[in-house]
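Basis for what follows: all heavy atoms, side chains included, without hydrogens, waters or symmetry-related copies. Because the structure is predicted, anything quoted here is derived from the model rather than measured. All ligand and atom numbering here is 1-based and tracks the order in the structure.
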Amino acid sequence: MQQFSNYINGVFVPANNGRVFQNINPADSRDIIGEFPLSDSSDADAAVAAASAAFHSWRLVPAPQRGNILRRAGDIFERRKDELAAIMTREMGKPLFETRGDIQEAIDTCYYAATEGRRLFGYNAPSEMPNKMNLSFRNPVGVCGIITAWNFPVAVPSWKIIPALVCGNTVVFKPSDDAPHSGVIFAEILAEAGLPAGVFNVIHGNAEAGAAIVAHPDVKVIGFTGSTATGKAIAADCGRMNKKCSLEMGGKNAQIVMEDANMELALEGVLWGAFGTTGQRCTATSRLILHEAIHDDFLEKLIARATALRLGNGLQSETQVGPVINKRQLEKIENYAQIARGEGAFCALGGERATDGDLACGNFFKPTIFTEVTKDMRLFREEVFGPMLAVSKARDLEHAIELANYCEYGLSSSIFTANVDAAFQAIRDIEAGITYINAPTIGAEAHMPFGGIKGTGNGHREGGWTVFDIFTEWKTVYVDYSGRLQRAQIDNQ
Ligand code: UN1
């Protein structure tokens with residue numbers, strides 16, 4: 001069996017305690033990908049020590065030079081795209097065309113960061129005193145602890161790691177134990193791109209390793225993507241330590257379809273939003289809110305189209321929907337089907353595991369549509385993270401927006417309409433970090449702010465220019481060249 005290692009101070013090493021865990025292909029439980037270190041706090045200590053030491057010199061490398069290394073990383077991701085896509089599909093299940101897209105998002109992020117190394121703009125403002133200059137600029141924070149989920153094993157870590165590095169920080173990364181191989185490749189690529197030893201470190205493992213990174217006093221900022229329960233626990237720990245943290249947690253994203261929408265487009269949108277990545281995106285469409293005038297007709301077409309989706313191993317080119325990540329998640333989704341039935345929702349499609357032929361060897365769940373879902377039901381409000389769509393009916397635009405907003409989360413949202421007034425009203429009134437007009441709830445681009453409001457996040461945005469607020473601290477500088485003491489707020493009154 002293939003053995004994988006942690007990556008600390010530029011060297012691949014086993015866990016100090018010698019423990020390992022196995023990673024299994026979700027499409028085929030007979031296929032064991034390999035054994036990975038089950039790290040503990042001593043491994044976290046070693047990785048943080050390496051990152052702390054490397055910070056002293058990395059922060060002084062000019063940002064454009066740091067950007068050049070990240071540009072080369074983008075080039076290597078491009079060169080290894082097909083090979084890496086196959087590795088990712090094998091370990092987390094989504095079809096190859098999706099894992100290629102995942103890597104493309106990392107490539108985009110590398111190239112964006114490379115150019116940002118020549119900007120990282122600060123602000124200047126006039127002083128209220130004569131012969132005095134006021135400046136502000138960004139400084140790196142220090143060692144960043146990056147903890148991510150498995151559903152975007154390269155893209156989502158890249159949203160944090162790459163901007164953190166271009167800003168002059170060093171990183172300790174703990175990939176999900178459901179997608180650790182991608183974390184190893186990340187280390188290989190950054191090393192080949194020329195990143196100095198210790199600037200980027202990877203430790204594998206479960207919550208124990210993650211908690212050790214969060215608790216370490218020399219880790220100055222935590223970037224986390226994952227479950228709401230874990231994110232809140234991390235925030236509480238960081239709060240006690242006065243540590244900066246950026247959280248990207250759950251979603252319960254709604255697509256609204258109005259009576260005047262382009263129905264074919266709206267159908268394609270919801271099929272991709274709800275069942276792409278087997279519904280395992282934090283931006284996935286998990287609620288569909290249909291205007292009552294088109295409800296029945298739209299549903300009939302949607303069920304026909306969803307029935308035709310081809311489930312299978314993501315390595316096979318005809319596969320449209322892959323497995324769910326693990327047995328635990330499969331049971332959770334199954335349990336939600338039971339809850340929904342118990343609450344009185346109608347199972348119009350799926351609602352059970354798929355076990356035909358080879359599918360029996362993997363974690364497959366049929367694309368599922370529940371209709372007659374009302375806002376008091378758990379299926380309407382709680383994140384399932386699987387191929388399960390809850391359909392509700394709205395009387396008009398205001399009712400549709402009210403339903404969309406009736407949930408704890410606020411990540412992504414979408415409305416299909418031909419009415420420009422309705423579109424702008426939705427942009428204004430939907431409570432979410434992202435709103436799509438005539439496009440599904442998934443499909444964020446790397447150079448735009450990404451994140452959610454309400455229960456989804458804690459006020460930060462990854463992506464684009466906003467991510468630099470997570471991974472830098474502002475330094476304000478006053479330069480007084482008057483040659484005399486000028487007392488602000490006193491001598492100029
Ligand atoms: C996630 O679901 O964790 O917008 C990230 C999208 C992707 C990123 C999703 N570009 O769906």
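- Counting atoms of ligand 1 from 1 in the listed order, those under 4.0 Å from a heavy atom of T283 are 2 (O), 4 (O), 6 (C), 9 (C), 11 (O).
- The only member of T278, I325, N151, T99 that meets side chain to side chain contact (heavy atoms under 4.5 Å, CB included) when paired with K94 is T99.
- Taking the six-membered ring for Trp and thresholds of 30 and 60 degrees, F36 and F4 have nearly parallel ring planes, at less than 30 degrees apart.
- Between the T456 side chain and the G250 main chain, a donor and an acceptor come within less than 3.5 Å of each other.
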Quiz item: Going through the distances and angles, do D237 and R240 end up as a salt bridge (charged side-chain N to carboxylate O under 4.0 Å, His left out)?
Solution: CA-CA 5 Å; D237 286 343; R240 273 191 292 278; 2.4 Å; yes
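- Between G443 and ligand 1, an N or O atom pair is found at a separation short of 3.5 Å.
- If you look at E248 next to ligand 1, there are no close heavy atoms at all, none under 4.0 Å.
- With a 4.0 Å heavy-atom cut-off, ligand 1 is reached by the side chain of N151 but not by its N, CA, C or O.
- Between the side chains of N335 and E331, not a single donor N or O lies within less than 3.5 Å of an accepting N or O.
- Ring pair F186/F200 is tilted by interplanar angle, where 30° to 60° counts as tilted.
- Residue A444 has at least one nitrogen or oxygen atom sitting less than 3.5 Å from a nitrogen or oxygen atom of ligand 1, judged on distance alone.
- Checked against a 3.5 angstrom limit, the closest N/O atoms of E105 and ligand 1 fall inside it.
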Quiz prompt | Working for ring-ring contact (aromatic ring centres under 6.0 Å, His included), residues F416 and Y436 | solution = CA-CA 9 Å; F416 283 77; Y436 290 89; 9.6 Å; no
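- Residue contacts with ligand 1 include W159, since one of its heavy atoms falls under 4.0 Å from the ligand.
- Between C282 and ligand 1, at least one pair of N/O atoms sits closer than 3.5 Å.
- Set against the non-hydrogen atoms of R281, the atoms of ligand 1 under 4.0 Å away are 2 (O), 6 (C), 7 (C), 11 (O).
- Looking at F152, W150, F385 and measuring to atom 9 (C) of ligand 1, the nearest heavy atom belongs to F152.
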